[in-house]
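Have a look at the structure below, then the notes.
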Amino acid sequence: MAIYPKRDDLRELSGYHSPQVSVKVRLNTNESPIAPPTDFVEAVSAAVHEVQWNRYPDRTATALRQDIAALHGVSADNVFVANGSNEVLQSLLLAYSGAGRKVVTFEPTYQLHSHIARIAGATVVSGQRNADFTLDAAEVRRVCAEHEPSVTFLCSPNNPTGLAESPDVLRAAIESTPGIVLVDEAYAQFSPHSALELVREDARVAVSRTYSKTWSMAAARLGYLVAPTWMIADLEIVALPYRLDALKQAAGRAALRYVKQMEAAVREVVTQRERLVAAMAKLPLTVWPSDANFILFRPAGAGRALWQALLDQSVLVRDCSSWQGLTDCLRVTVGTAEENDAFLAALQSALPFVLQSALQARD
Ligand code: PMP
């Protein structure tokens, strides 16, 4: 009897992984460095006793969707919830992409956009950013007009390059595609603008958000989409029933009672980000501006060597040096003041050596 191997179209793909190693200073996955308020943890502990553990959870997660909707001034019918925004994106791609359809990304960007699109069976077409990683509205129009994608991804602020997309770019995508424009706003609270106001019943725009960053809840795996009601209904067709457990629904609601604390934590991270950017700009590095909680930087010729040298000092950052268009680039997540001090000290001590070795290797 013949045994089926995995699908032919998965042969070229490998899983998406960021190293999880045990280090003193972990600045590689853009989590919040600040724990959620103690009162939030107390509220979740209390919820453990209220859950009817022998019963399935509310399949429609209505109370959670109502609370998220109230936060954004929309209706619960405009909100889709899932296990992290990655699952939101997967649901959207299952509903609107697939074999015979095209998905557009603008590289370099969040790798899971193209990865999940390929797993969903779609053909991925990549538009290009400028040398400084900004994106031109004209490039967006060109790619959308030529390929007529069923889904176009914009990531704002863009991971891993850092800047929010301009309103011109959003408009260009909306005007030139026959498909859905998904604006991934995982880092929106750190940035000056949002596409939420572009979500309307008669537009094909959706905005994804996550609890993993600004809400200090990466451990919970919770994300959502704000979109027209017809799109939410389409996503409910492909999503698994009872996907959000009862405790997660309670935790998601409890978090929304601490908006002020979340905003204070965001301000603290932004202050730390500006301090880091200023300190890094004085070093022999290329440093890109950021509207998010991470900073992209390039030690010329020495990306991988610097990543290892930092790790040797128990500081873990993201090695983006093998990603398309990001030769020698590393990405550091903004941490607490102490973590940032440790990162800067490790960087200052490692840089002269790795840059010197890179120069010697070139000569
Ligand atoms: N979108 C972007 C741009 C991200 O950077 C991330 C997390 N790295 C996600 C989505 C996924 O977040 P979540 O934890 O909600 O799945």
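Scope of the values below: all heavy atoms of this structure, side chains included, with no hydrogens, waters or symmetry mates. Whatever order the structure lists them in is the order used to number ligands and atoms, beginning at 1.
Among protein heavy atoms, the minimum distance from atom 9 (C) of ligand 1 is reached at Tyr110 OH, 3.4 Å. The protein atom (non-hydrogen) at minimum distance from atom 11 (C) of ligand 1 is Asn86 OD1, 3.2 Å. In terms of protein heavy-atom proximity, atom 5 (O) of ligand 1 is nearest to Tyr187 OH, 2.6 Å. Scanning all protein heavy atoms for the shortest distance to atom 8 (N) of ligand 1 gives Lys213 NZ, 3.2 Å. With respect to atom 16 (O) of ligand 1, the closest heavy atom belonging to the protein is Arg221 NH2, 2.8 Å. For atom 12 (O) of ligand 1, the closest non-hydrogen atom of the protein is Ser85 OG, 3.1 Å.
Ligand 1 does not have Gly223 within reach: every non-hydrogen atom of the residue lies 4.0 Å or more from it. Ligand 1 lies within reach of Asp184, whose nearest heavy atom is under 4.0 Å from it. Within the structure, the closest approach of Tyr211 to ligand 1 does not fall below 4.0 Å when heavy atoms are considered.
Atom CD of Gln360 has more than 12 neighbouring heavy atoms from other residues, nucleotides or ligands inside a 6.0 Å radius.
Within the 3.5 Å criterion, the main-chain N or O of Met262 finds no donor-acceptor partner in the side chain of Trp215.
Aromatic ring orientation, His72 versus Tyr224: tilted (interplanar angle from 30° to 60°). The aromatic rings of Phe153 and His113 lie parallel to each other, with less than 30° between the two planes, well short of the 60° mark.
In summary, Glu139 and Arg142 engage in a salt bridge, as defined by a charged side-chain N under 4.0 Å from a carboxylate O. The residues Arg129 and Glu165 are annotated as salt-bridged, a charged nitrogen and a carboxylate oxygen being separated by less than 4.0 angstrom. Between Arg304 and Asp319 there is a salt bridge, since a side-chain N of the basic residue sits under 4.0 Å from a carboxylate O of the acidic one.
Using a 4.0 Å cut-off to heavy atoms of Ser212, the atoms of ligand 1 that qualify are 13 (P), 14 (O), 15 (O). Annotation for ligand 1: atoms under 4.0 Å from non-hydrogen atoms of Cys155 are 3 (C).
Aromatic rings from Tyr187 and Phe294 are positioned such that their centres are separated by under 6.0 Å.
Only the side chain of Asn159 comes within 4.0 Å of ligand 1, judged by heavy-atom distances.
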